[in-house]
Amino acid sequence: MAQKTALIIYAHQNPASFNAAARDVAVQALTKQGYKVLVSDLYAMNFKASATAEDVKGDLKNPEHFIYNDEMMVAWQNGRLSDDIAEEHRKLEQAELVIFQFPLYWFSVPAILKGWIDRVLTQGFAFTMQKLYDNGVFKNKKAMLSFTTGAIESMFKPDGIHGDINIVLWPLQNGVLRFCGFQVLAPQIFWCPAHSPPEVRSAMLEAWQERMNGIFAEKPLSYAPTKYFDLSFQGGFCLRPEIKEEYASESHGITTAQHLGKLLPPDNQTKAK
Ligand code: FAD
């Protein structure tokens with residue numbers, strides 16, 4: 001049987017950081033289970049963050065009016081993507097599990113990782129207008145965010161000063177991962193390692209190692225199935241009337257963002273149900 005593969009997209013500058021420790025724990029735990037583990041160490045690779053015409057080898061389709069997604073799709077079809085993107089595509093193709101390991105920057109990923117998302121999740125390769133969400137290109141793969149924060153957990157509670165972490169996570173988990181079809185596993189959040197005592201930091205890494213041991217059996221987070229939506233321009237790609245009716249008497253919305261003006265389903269982006 002072919003060896004299974006995991007891919008870690010790692011974005012931290014410092015090999016002595018807590019993020020590096022979290023990466024190492026994942027590499028060791030997965031390797032021990034017999035997985036081949038690939039790591040893209042974005043800062044060490046000096047990974048280019050900006051999406052530009054240099055990502056295409058050879059002539060552009062329309063040099064007078066450059067449209068990144070269009071040009072990238074043609075370049076992908078013709079095998080003319082820049083070498084760094086093509087290499088990441090090869091890694092992604094092999095991987096059953098993709099872990100994004102990073103420190104939270106401005107409620108999101110560091111720019112270098114956003115660049116990886118912009119450039120590597122190329123139209124055609126990672127999504128098409130016909131292959132999205134449930135029908136997405138990567139529907140047989142799992143992906144998860146694993147990140148550290150500067151904030152303590154209570155700051156990201158629904159009554160905390162930063163607001164509900166479930167809302168913060170929606171754009172990355174739904175807008176990027178699930179959009180491309182990934183089954184999204186619950187995020188691993190390391191709250192404020194810089195101001196935690198050493199024993200708390202060690203306990204966080206032990207819990208991460210423990211989680212890694214069962215990671216491939218985990219249930220993904222729940223989202224509204226694509227069939228709930230009328231996927232036509234006439235229907236506006238909105239929830240079908242019968243689904244709205246079905247949820248009319250519910251106290252909670254369907255997901256964090258498809259909340260229908262109701263209470264948000266608790267922990268929708270942080271815990272699998
Ligand atoms: P480090 O400082 O590297 O590590 C923390 C501690 O863990 C250190 O004492 C280190 O020695 C120790 N450590 C390392 N290895 C181990 C080990 N094996 N075992 C035990 N301990 C170990 N935070 C937010 O909450 N929200 C934001 O929106 C946000 N935006 C930011 C934007 C920018 C531009 C920047 C620079 C920071 C931002 N932050 C934000 C803060 C940032 O998320 C944290 O600084 C970061 O997550 C801390 O993780 P680290 O790996 O860098 O920690």
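Counting starts at 1 for both ligands and their atoms, in listed order. We count residues from 1, following the sequence as given. None of these values were measured; they are calculated from a predicted model.
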**Study point:** Stepwise ring-ring contact (aromatic ring centres under 6.0 Å, His included) test for Phe127 and Phe179
**Key:** CA-CA 8 Å; Phe127 71 95; Phe179 182 85; 5.3 Å; yes
**Study point:** Under the side chain to side chain donor-acceptor pair (under 3.5 Å) test, residues paired with Tyr223 that sit two or more places apart
**Key:** Gln269
**Study point:** Within the 4.0 Å heavy-atom sphere of ligand 1, strictly under, residues
**Key:** His12, Ala16, Ser17, Phe18, Asn19, Ala21, Pro103, Leu104, Tyr105, Trp106, Phe107, Thr148, Thr149, Gly150, Ala151, Phe156, Pro193, Ala194, Arg201, Leu205
Check your understanding: Thinking salt bridges, do Arg178 and Asp134 make one under a 4.0 Å N-O criterion?
Key -> yes
Check your understanding: When clusters are formed from ILVMFWY side-chain contacts under 4.5 Å, directly or step by step, what else is grouped with Met155?
Key -> Ile152, Ile161
Review point. Partners of Lys271 by side chain to side chain donor-acceptor pair (under 3.5 Å), sequence neighbours excluded?
Key: none
Point to revise | Side-chain ion pair, Glu93 and Arg90, N-O less than 4.0 Å | key: no
